[in-house]
Each structure stands twice: as C-alpha cells, then as structure tokens.
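Here is the structure we will look at.
We name chains A, B, ... by the order of the sequence lines, and we start the count at 1 in each one. FYI, side chains are in, hydrogens and waters are out, and symmetry mates aren't considered; it's all heavy atoms of this structure.
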Number of protein chains: 2
Amino acid sequence: MSLRHATLGLLVEMDGASGYDLLKMFEITMGNVWQATQSQLYGELNKLTTDGFIEVASEGPRGRKEYRVTEAGHGELRRWLLEVPPKVVRRDEILLRLFFLGQVEPDEAAGFVREQVVALDKRLADLGELENTINWDDANLSFYGRLAMEYGKRFMTMRREWYEWVLGEMAERDAVKE
Amino acid sequence: MSLRHATLGLLVEMDGASGYDLLKMFEITMGNVWQATQSQLYGELNKLTTDGFIEVASEGPRGRKEYRVTEAGHGELRRWLLEVPPKVVRRDEILLRLFFLGQVEPDEAAGFVREQVVALDKRLADLGELENTINWDDANLSFYGRLAMEYGKRFMTMRREWYEWVLGEMAERDAVKE
DNA sequence: CAGCTCATGTAATACGTTACATGATTAC
DNA sequence: GTAATCATGTAACGTATTACATGAGCTG
C-alpha cells in the first residue's frame with residue numbers, strides 16, 4: 001500500500017498537483033526511493049478520491065484535475081508515517097545473480113561484476129547531475145530530499161567498493177586454483 | 001521472472017530438492033537476497049515443470065516430490081545469468097517515510113529514525129548468528145554465499161552510519177531554529 | 001494417540017507492468 | 001497546420017500476499 005502514501009506525501013509537499021505533475025515528480029525526485037508507472041498512479045488517484053483521502057480541487061484545460069489532500073488524507077499519512085511498521089522487502093536481482101555465479105566460468109563471472117561497476121558509475125554520475133538540476137525551493141523537500149540523496153550516494157559508493165572487493169576475492173580464488 | 005531463476009539456481013546448488021526443502025533454503029540463505037512465500041514457490045515449481053526446466057526425479061513419503069533441473073533448465077539459468085540485463089527495482093519503504101518526515105514534529109521524526117537504528121542492530125546481530133549457523137559445505141554456495149553475506153553486512157553498516165548522520169543533521173537543524 | 005513437522009495445494013485479493021487508446025492545447 | 005506536450009484512462013497479463021485446506025508420517 002505504499003504507492004498510496006507516496007502519492008499522499010508528494011501531494012502534500014507539492015501543495016496540490018495533477019496526476020501528470022505527480023508523475024514527473026516521481027521520476028525526478030523519487031527515482032531512488034519509489035518507482036511508479038503512469039497507469040498505476042492514475043488508478044491510485046481515483047482510489048484515493050473514492051476513499052476520501054484526496055479531492056479534485058479544480059479542473060483545468062485538457063481534462064486536467066488538480067488534486068488536493070483532504071483532512072482524512074493528512075490523518076492517513078500521519079498514521080502511516082508513525083504507526084505502521086515499515087515492511088522491508090528484500091529482492092535484489094544483482095545479488096541474486098551473484099549468488100549463482102559459481103555456475104558459470106570464472107572469467108564470465110568476473111565480467112558480470114565488471115559490467116555492474118560500469119552501470120553503477122553511470123548511475124552515480126546521473127545522480128550528481130540530478131542534484132544540480134533539482135530546484136530545492138520547498139523547505140521540507142529540500143531537507144529530507146537531501147538526506148535521501150545522500151543515502152543514494154552512500155549506497156552506490158558502498159556497492160562500488162563491495163564490487164571491487166568481490167573482484168579481488170575472485171582473482172585470489174582463481175590464482176589459488178592454478 | 002526472478003523467482004523462477006532463484007528457484008532454478010538453488011535447485012542446482014542443492015543438487016535436487018523438494019518444494020519444502022527449497023522453502024527452508026529461501027528462508028535461511030536467501031533472506032537478504034530474494035524472498036519467496038510458500039504459495040508462490042509451489043506454483044512456480046509446477047510452472048517450471050510444465051515448461052520443462054525441472055522434473056520430478058523421485059517421489060517420497062507424504063507426497064514429497066524431489067525436483068531436479070533438466071538440461072533445458074541449466075541452459076535457461078545460464079542464459080539469465082549472462083544475457084538478461086538485471087532489472088533494478090528501487091522501492092524502499094523506510095527511505096520513502098524519511099522523505100516525508102517533515103510532515104510530523106521534529107521529535108517524532110527523530111524517534112522514527114532511532115527506531116530504525118534499533119531494528120537494524122537487531123538484524124545485524126541476526127546476520128552474525130546466521131553466519132555461524134550455516135553449513136558452508138558446498139564450494140560454490142560457500143564462496144558466493146559469503147560474498148552475498150559480506151554485502152549484507154556492509155549494507156547494514158552503511159545504513160547505520162547514515163542514520164547516525166541523519167540524526168546529526170536533524171539535531172543541527174532544530175538547534176538553528178531556536 | 002496426540003501433537004508436531006513434513007508436505008503440497010488452491011482461492012481471493014492486491015499490486016505492478018506493458019501496451020493500447022484517445023484527445024485537447026500549445027508552440028512554432 | 002502539424003508536431004510536441006499535456007493529460008487521462010483502460011485492458012490484459014504477470015507477480016506477490018494472505019488465508020484457508022488437507023493429509024501423511026514421525027515422536028513421545
């Protein structure tokens with residue numbers, strides 16, 4: 001049920017927005033935090049409306065609907081933030097592959113890890129670029145968004161170091177085998 | 001489609017097993033990597049059989065079915081490992097909450113972060129315990145499993161340090177406000 | 001023989017992805 | 001006037017969670 005709360009939270013921070021606006025916000029600021037597709041978002045907005053957590057504040061051109069969080073919605077968000085224990089979902093495709101890399105040749109395994117390093121460096125660069133692009137005008141989004149961004153950096157750096165370490169371990173093992 | 005490959009990979013490493021055995025293996029060794037529920041696993045085993053990637057090698061007491069990976073299954077696993085680009089899903093409920101912590105009082109927000117630290121310490125302790133429990137007899141599972149475990153440790157440690165840093169940032173901000 | 005563990009399955013529901021579909025408005 | 005952008009929606013399918021259901025075999 002977290003898409004629901006991500007939507008509510010963003011709507012509060014943005015002080016009202018359309019589905020289209022929200023979608024962009026998900027792409028830009030929430031890339032490292034929570035993904036959402038267009039279909040999913042529009043569906044959720046309708047459900048949130050039915051449940052009374054948001055309402056259509058005004059309608060604009062091209063069928064645009066500007067949503068706003070209701071009192072009930074603020075309550076729900078607060079309840080979720082403080083009372084619902086976070087559910088940690090652990091599913092990492094890269095780690096999963098690593099687990100089974102013993103089933104291919106050592107050089108193929110090392111190649112896989114090196115590809116991940118390249119991909120990671122690209123993402124780190126993208127993150128740096130994003131950091132410069134973002135308009136940190138909202139006080140809350142700015143403070144907490146910056147914390148999340150720092151997390152992203154630390155996470156990728158940790159991952160990079162671990163990859164290097166893995167390559168070292170692999171090299172060592174293969175050297176011993178000779 | 002990764003449950004499929006997690007199942008194939010584990011079946012290869014275990015050199016054949018029942019759904020029940022696999023389920024335990026998922027719980028014990030794959031906790032930090034890939035979660036699976038009982039329903040999901042049994043369903044996937046039947047689909048894998050239909051698709052010819054695994055087969056029932058023998059049947060035991062209580063309707064037990066011992067599965068084994070077929071040639072086609074080995075090929076599929078190899079293909080997935082080396083040719084299918086890993087899909088990174090970024091959804092982190094804790095980070096998501098952090099993003100919106102500006103919407104509750106500062107002390108409530110700090111309380112939330114502190115709770116996460118406690119939960120993390122518990123998981124780190126569990127991981128250490130798990131490390132001692134595991135029977136690292138299979139050469140591949142031992143080598144790659146150890147790499148994955150090291151990842152788990154580094155990940156949690158990074159996270160812990162970041163939480164500390166977050167608490168520091170929060171304290172600083174609140175001090176400035178006075 | 002009672003209770004535990006082993007062992008598999010299904011049904012309902014929720015959540016997520018991909019693709020398709022449509023049309024209004026704006027900018028050039 | 002045509003291309004790009006804004007804007008929303010639905011349908012089909014795949015994946016995941018929860019709960020229910022059932023029974024065989026082992027242990028004391």
B:Phe143 six-ring face occupied by A:Arg173 cation (under 6.0 Å, within 45°): yes

Rounded to the Å, how far apart are [X] [atom1] and [N] [atom2]?
X       : N      : atom1 : atom2 : value
B:Tyr20 : D:dG25 : OH    : C1'   : 12 Å
B:Lys47 : D:dG14 : NZ    : C1'   : 8 Å
A:Trp34 : C:dT17 : CH2   : P     : 10 Å
A:Leu48 : D:dG9  : CG    : P     : 13 Å
B:Glu59 : C:dA7  : CD    : C1'   : 12 Å
A:Glu44 : C:dT17 : CD    : C1'   : 15 Å
A:Asp51 : C:dA14 : CG    : P     : 11 Å
B:Leu23 : D:dT17 : CG    : P     : 13 Å

Option among B:Leu48, B:Val56, B:Thr7 that satisfies the side chain to side chain contact (heavy atoms under 4.5 Å, CB included) test with B:Tyr67: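 Output: one option passes, namely B:Val56.
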
Parallel, tilted or perpendicular: ring planes of A:His5 versus A:Trp80, cut at 30 and 60 degrees: parallel

Any donor-acceptor N or O pair under 3.5 Å, side chains B:Asp21, B:Ser18: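 Yes, side-chain donor-acceptor contact under 3.5 Å.
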
B:Thr70 side chain to B:Gly52 backbone, donor-acceptor under 3.5 Å: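 Between the backbone of B:Gly52 and the side chain of B:Thr70 there is a qualifying donor-acceptor contact (under 3.5 Å).
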
Under 3.5 Å donor-acceptor, B:Gln103 side chain and A:Gly9 backbone: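 Such a contact is found between B:Gln103 side chain and A:Gly9 backbone.
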
Which residue lies more 5' along DNA chain C, comparing B:Pro61 with A:Met1 via nearest heavy atoms: B:Pro61

Upstream residue (5' side of DNA chain C) when A:Gly63 and B:Val89 are each assigned their closest nucleotide: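 Looking at the nearest nucleotide for each, B:Val89 comes out on the 5' side.
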
Output one line per pair: protein atom, nucleotide atom from nucleotides 10-12 of chain C, and distance, for all N/O pairs under 3.5 Å.
| from | atom 1 | to | atom 2 | distance (Å) |
| --- | --- | --- | --- | --- |
| C:dT10 | O4 | B:Ser39 | OG | 3.0 |

OP1 or OP2 of D:dC6 under 4.0 Å from side-chain N/O of A:Arg64: no

Phosphate OP1/OP2 of D:dG9: any A:Lys65 side-chain N/O under 4.0 Å: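 A:Lys65 to D:dG9 OP1/OP2: side-chain N or O found under 4.0 Å.
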
Sugar-phosphate, base or nothing in reach of A:Arg91, heavy atoms under 4.0 Å: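 Sugar-phosphate contact only.
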
Qualifying residue for side chain to side chain donor-acceptor pair (under 3.5 Å) with A:Glu76, from A:His74, A:Arg78, A:Arg79: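 Testing A:Glu76 for a side chain to side chain donor-acceptor pair (under 3.5 Å) against A:His74, A:Arg78, A:Arg79 leaves exactly one candidate, A:Arg79.
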
Nearest listed nucleotide, side chain of B:Arg62, among C:dA7, D:dT17, D:dA16: C:dA7

